[in-house]
2 protein chains.
Amino acid sequence: MKQETHLRANGPTRLQRDLLPRIIGLIRSDGLERGAHLREVALARRLQVSRTPVRAALEFLAKRGVLDWRPRRGFVLSQPGDSIAADGLPPAPAEIDQLCLKIAGDRMAGRLPIEVTQAELLRRYAMPRPLLLRVLDKLAEVALIERKPGHGWLFSPAIDDAQARMESYEFRRLIEPASVLAPSFKLDPLWISEMRHRHEAMLAAPWRETSSIELFEMNAAFHEGLVAAARNRFMLIAVQQQTRLRRFANYNWTYGYERVVASCTEHLEILDRLAHNDREVAAALLRRHLDNASKLRRPTEPY
Amino acid sequence: MKQETHLRANGPTRLQRDLLPRIIGLIRSDGLERGAHLREVALARRLQVSRTPVRAALEFLAKRGVLDWRPRRGFVLSQPGDSIAADGLPPAPAEIDQLCLKIAGDRMAGRLPIEVTQAELLRRYAMPRPLLLRVLDKLAEVALIERKPGHGWLFSPAIDDAQARMESYEFRRLIEPASVLAPSFKLDPLWISEMRHRHEAMLAAPWRETSSIELFEMNAAFHEGLVAAARNRFMLIAVQQQTRLRRFANYNWTYGYERVVASCTEHLEILDRLAHNDREVAAALLRRHLDNASKLRRPTEPY
DNA sequence: TCTTGTTTCATCGGCAACCAAAATACAATA
DNA sequence: TATTGTATTTTGGTTGCCGATGAAACAAGA
């Protein structure tokens with residue numbers, strides 16, 4: 001078959017997987033209806049990629065029945081944008097982060113010694129060396145591990161330590177409220193309403209196994225979004241690093257459901273204030289929210 | 001000759017070069033006298049390395065005449081520690097940073113397009129691919145460049161932009177004074193006095209060509225030292241990143257000598273306050289110092 | 001002319017192998 | 001016994017190559 005020259009039988013590649021949710025996001029935010037024509041070049045430009053991976057992703061969606069395809073006519077929505085089920089798609093949390101997560105987790109659980117070499121890790125986790133190096137560099141960025149001068153890598157003694165947790169909150173407590181108060185702070189009303197929807201949906205839905213990850217990502221998006229609105233790239237970078245660190249350190253929520261409710265409620269309160277541009281109060285609430293979170297102790301895990 | 005099995009004729013390797021100043025630093029801070037015996041194992045342990053590179057570094061120093069070597073007796077200081085001339089040694093500003101510096105510089109000068117591929121860079125700068133990748137990742141860490149989703153890398157539009165400068169100062173203005181005021185802040189008196197010496201020496205010496213780099217590194221050490229004293233690893237990481245960013249963006253001082261004097265004076269004032277543990281005033285001075293610096297505009301360069 | 005289909009070219013990442021040198025174990029000597 | 005000298009093992013940076021795939025040019029059809 002000539003028409004799938006560029007799509008391998010084994011399925012979508014990494015880039016193509018990453019593209020899928022973004023394409024669906026565009027379809028949704030554009031409010032496209034059934035029958036709308038998806039132009040390849042336009043998508044490619046908006047996604048900062050060439051047509052090739054876009055085509056592949058579209059073909060994948062066509063196979064899933066989300067799109068219809070007719071020769072010489074391209075891809076067309078087979079259903080309204082907001083009815084597309086998201087769960088069929090691989091959530092794709094950035095693969096490389098997955099590995100960081102796994103290694104950090106193994107270290108915390110004591111399955112890895114405090115000092116390791118690349119070779120050991122390569123033997124333990126079957127992965128290409130360049131990938132491992134990028135993983136290690138990424139862990140080093142958030143100070144979870146450190147290159148020894150000669151050979152070998154040294155995990156920070158205190159990954160799981162309460163100390164690191166405290167420092168992290170101290171840091172965020174400094175940056176996040178300051179962002180909200182920055183003169184350059186400007187929040188997109190659309191972002192506010194979308195964020196509110198997500199929180200309300202989280203509160204409404206029953207607690208499932210996967211909710212933990214969803215919750216984490218929603219929280220991360222909330223905090224990063226606030227800082228992004230201050231339009232200071234360095235603050236944003238710093239907070240993103242914190243997010244990554246926390247992602248590696250605790251992906252699962254162990255504080256009980258009532259804390260979920262409390263956290264969401266606090267977020268919603270902050271959003272309300274920001275919707276009315278009451279930034280002083282919002283910043284104060286944010287500060288208290290972080291304080292509340294920092295006071296929690298993991299009840300179950302014996303770290 | 002069997003005795004130099006481990007030292008290649010082409011000279012010290014990267015690790016060995018990095019070891020040289022650290023060894024000399026240890027000799028100095030231990031206040032060793034002429035004739036003192038340098039034990040290999042002890043050095044290796046203190047430097048977190050094996051004996052091999054230590055030996056090589058010591059042999060190098062012996063060739064330079066700093067040490068004497070006798071068979072079966074090891075290395076011995078041929079002169080008192082504080083009389084060792086530091087300038088014969090390669091200063092070694094972390095090679096990888098050198099490359100970042102060069103690439104960032106070429107971009108700023110317009111010698112590189114806004115969008116590049118790995119292959120182009122490999123052709124332009126002769127370097128191994130893994131090294132280039134680490135350089136690019138490092139530049140990405142400070143938001144000077146960004147990986148496109150598919151192929152290619154995109155320089156941030158505003159490397160040299162006044163905007164980035166402003167954001168950087170805003171960020172540091174937030175973090176650095178907060179560090180000084182942190183409850184955990186604790187400064188080593190030795191650090192204070194050494195830092196004061198360096199500043200006084202800088203003021204006393206005439207302005208040479210190389211003073212620019214010296215000045216930059218001294219400033220960096222000053223600001224990083226203050227933040228390090230707050231004992232919050234994330235604040236420290238953030239400030240170190242800022243330092244690296246500034247190192248890449250402007251290694252040369254273009255504000256005139258009177259600003260050098262002013263800056264050093266301000267630093268000394270802050271050090272005085274800190275010596276008396278007057279942290280509130282020190283923090284205020286630090287804030288003003290950063291404000292002063294942020295208001296400067298590069299007079300000469302036409303970016 | 002604009003969009004899709006097809007082909008070509010360049011790029012990138014994985015893989016295997018190589019080699020300098022770092023780590024380590026062992027021998028020799030003060 | 002402590003320290004240096006020597007040999008061995010292991011590591012990690014480097015190189016070259018190959019295949020998958022993204023980018024880009026071209027062709028064809030609405």
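Proteins come first, then strands; the chains are lettered A, B, ... in the order of their sequence lines, and each starts at number 1.
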| task | Might you confirm whether atom NZ of A/K148 has over 12 heavy atoms from other residues, nucleotides or ligands at distances under 6.0 Å? | result | yes
| For B/R34, does the CZ atom have more than 12 heavy-atom neighbours from other residues, nucleotides or ligands under 6.0 Å away? | no
| request: Return yes if some donor-acceptor pair links the side-chain N/O of B/H151 with the main-chain N/O of A/V49 below 3.5 Å, else return no. | output: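 Between the backbone of A/V49 and the side chain of B/H151 there is no qualifying donor-acceptor contact (under 3.5 Å).
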| Would you say the side-chain atoms of A/S78 pair up with the backbone N or O of A/G65, donor to acceptor, closer than 3.5 Å? |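 Yes; at least one donor-acceptor contact below 3.5 Å.
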Separation of [N] [atom2] from [X] [atom1] (nearest whole Å):
X: A/H151; N: C/dA22; atom1: NE2; atom2: C1'; value: 4 Å
X: A/M127; N: C/dC15; atom1: CE; atom2: P; value: 12 Å
X: A/Q48; N: D/dG22; atom1: CD; atom2: P; value: 16 Å
X: B/E115; N: D/dG22; atom1: CD; atom2: C1'; value: 13 Å
X: A/F75; N: C/dG5; atom1: CZ; atom2: P; value: 7 Å
X: B/L38; N: D/dG5; atom1: CG; atom2: P; value: 13 Å
X: A/D18; N: D/dG22; atom1: CG; atom2: C1'; value: 14 Å
X: A/R39; N: C/dC2; atom1: CZ; atom2: P; value: 12 Å

Think [X] has a side-chain N or O under 4.0 angstrom from the OP1 or OP2 of [N]?
X: B/Q118; N: C/dG13; answer: yes
X: B/R72; N: C/dA30; answer: no
X: B/R55; N: C/dT24; answer: no

What nucleic acid atoms does [X] come within less than 4.0 Å of, heavy atoms only: base, sugar-phosphate, or nothing?
X: A/R45; answer: nothing
X: B/L133; answer: nothing
X: B/L122; answer: nothing
X: B/R147; answer: sugar-phosphate

| request: Using the closest heavy atom to pick a nucleotide of DNA chain C for each, name whichever of A/R129 or B/E120 lands nearer the 5' end. | output: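 Checking each residue's closest nucleotide, the 5'-ward one belongs to B/E120.
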| Closest-nucleotide ordering on DNA chain C, the 5'-leading residue of B/V49 and A/R70 |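 Closer to the 5' end of DNA chain C: A/R70.
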| message | If you apply the rule salt bridge (charged side-chain N to carboxylate O under 4.0 Å, His left out), what do you find for B/K138 with A/D137, and how did you get there? | response | CA-CA 9 Å; B/K138 232 169 191 177; A/D137 275 343; over 6 Å; no
| task | Classify the side chain of A/R51 versus the base of C/dG5 as yes if they form a donor-acceptor pair under 3.5 Å and no if they do not. | result |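 Checked by distance alone, the answer is yes.
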| note | Comparing nearest nucleotides in DNA chain D, the 5'-proximal residue of the pair A/T117, B/V41 is B/V41
Report the nucleotide, chosen from [options], that has the shortest atom-to-atom distance to any side-chain atom of [X].
X: A/H37; options: C/dT4, C/dC12, C/dG13; value: C/dT4
X: B/L15; options: C/dA22, D/dT14, D/dT4; value: C/dA22
X: A/T13; options: C/dA23, D/dG22, D/dG12; value: D/dG22
X: B/W69; options: D/dG5, C/dA22, D/dT11; value: D/dG5
X: A/T52; options: C/dA22, D/dG22, D/dT14; value: D/dG22

| request: Would you check, one step at a time, whether the test salt bridge (charged side-chain N to carboxylate O under 4.0 Å, His left out) holds for A/D30 with A/R46? | output: CA-CA 12 Å; A/D30 287 355; A/R46 292 172 75 181; 2.9 Å; yes
